[in-house]
Amino acid sequence: MTEPAERRLLTPEEYRQAQDSPEFTELRRRFRRFAFPMTVAFLAWYLLYVLLSTYAPDFMSTRVFGNVNLGILLGLAQFVSTFVITHLYVSHANRRTDPIADEMRERLESHQYAHGTGHSGPDLGKKGATRA
C-alpha cells in the first residue's frame, strides 16, 4: 500500500475506469451472489420466528426441558444464526472477493486506470479464482 504522504488524489475518470473494469463487475457479482440469498434467508428465518410467536403461541411455549421452551431456543438461535452468517461472509470475502478488491486497490493506488494500461488484474477464470 502506498504511504499517505506519497499518494495523489484519484480523478473521477480513474474511479469510472475502475468501476467499468471486468474485475469490478466480477467483484460485484460475487458479492451479490452471496449477500442477496443470505439476506433473504435470514429475513425469512426472522419472519418465521415472529409469525410463530404471534400465531402459534402454544407451539412456541412447548417445554423442551425444565423452564426452557421452544420459543426461548428459537430466539437464541436467532443470535447464533447471526454469528454463523458473519463467519460465512468473512470466509466468503477472504476467498472470493478480497483478492479482487486488493488487486483493484493496488491498481488504483498506482494509477494504472489513469494510464489505460488495460487489464492486468487476476485471471478470473483460472483455478483458485473460479466463478461463484
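Count residues from 1 along the sequence.
R96 has its side chain out of reach of R33: every pair of non-hydrogen atoms, C-beta onward, lies at least 4.5 Å apart. The side-chain heavy atoms of R28 and F24, taken from C-beta on, include a pair separated by under 4.5 Å.
Summarising the local packing, CG of N67 is surrounded by 12 or fewer heavy atoms from other residues, nucleotides or ligands at distances under 6.0 Å.
Under the 4.5 Å side-chain heavy-atom criterion for grouping Ile, Leu, Val, Met, Phe, Trp and Tyr, F65 is connected to L74 within one hydrophobic cluster. By the criterion of side-chain heavy atoms lying less than 4.5 angstrom apart, applied directly or through intervening Ile, Leu, Val, Met, Phe, Trp or Tyr residues, F31 is not grouped with I100; the two fall into different hydrophobic clusters. If you chain together hydrophobic residues whose side chains sit under 4.5 Å apart, Y55 and M60 never meet in one group. Following chains of ILVMFWY side-chain contacts shorter than 4.5 Å, one can reach Y49 starting from M38, so the two form part of one hydrophobic cluster. Cluster annotation: F42 and L73 are assigned to the same hydrophobic cluster (Ile/Leu/Val/Met/Phe/Trp/Tyr, side-chain heavy-atom contacts under 4.5 Å, transitive).
Between the H92 side chain and the T97 main chain, no donor and acceptor come within less than 3.5 Å of each other. With hydrogens and angles ignored, the 3.5 Å screen pairs a side-chain donor or acceptor of R63 with a backbone N or O of G66.
When every heavy atom of M104 is checked against every heavy atom of S21, the shortest pair comes out as CE-OG, 3.6 Å. Of all heavy-atom pairs between V64 and L70, the closest is CG2-N, 3.8 Å. The two residues Y15 and L10 come nearest to each other via the heavy atoms OH-CD1, 3.4 Å. A pairwise comparison of heavy atoms in P99 and A93 identifies CD-O, 4.0 Å as the closest pair.
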Side chains of residues 75-86: which donor-acceptor pairs under 3.5 Å do they make with residues two or more places apart or in other chains?
{"residue": "S81", "atom": "OG", "partner": "W45", "partner atom": "NE1", "Å": "3.0"}
{"residue": "S81", "atom": "OG", "partner": "A77", "partner atom": "O", "Å": "3.2"}
{"residue": "S81", "atom": "OG", "partner": "Q78", "partner atom": "O", "Å": "2.8"}
{"residue": "T82", "atom": "OG1", "partner": "Q78", "partner atom": "O", "Å": "3.0"}
{"residue": "T86", "atom": "OG1", "partner": "T82", "partner atom": "O", "Å": "2.9"}

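Taking D102 as the reference, R105 meet the side-chain hydrogen bond (donor to acceptor under 3.5 Å, both in side chains) condition, with sequence neighbours excluded. Legend: residues meeting side-chain hydrogen bond (donor to acceptor under 3.5 Å, both in side chains) with R16, ordered by chain and number and at least two apart, are E13.
The distance from atom CG of D98 to atom CG of L27, rounded to the nearest 0.5 Å, is 8.5 Å. Separating the CG atom in L47 from the CG atom in L52 is a distance of 9.5 Å, to the nearest 0.5 Å.
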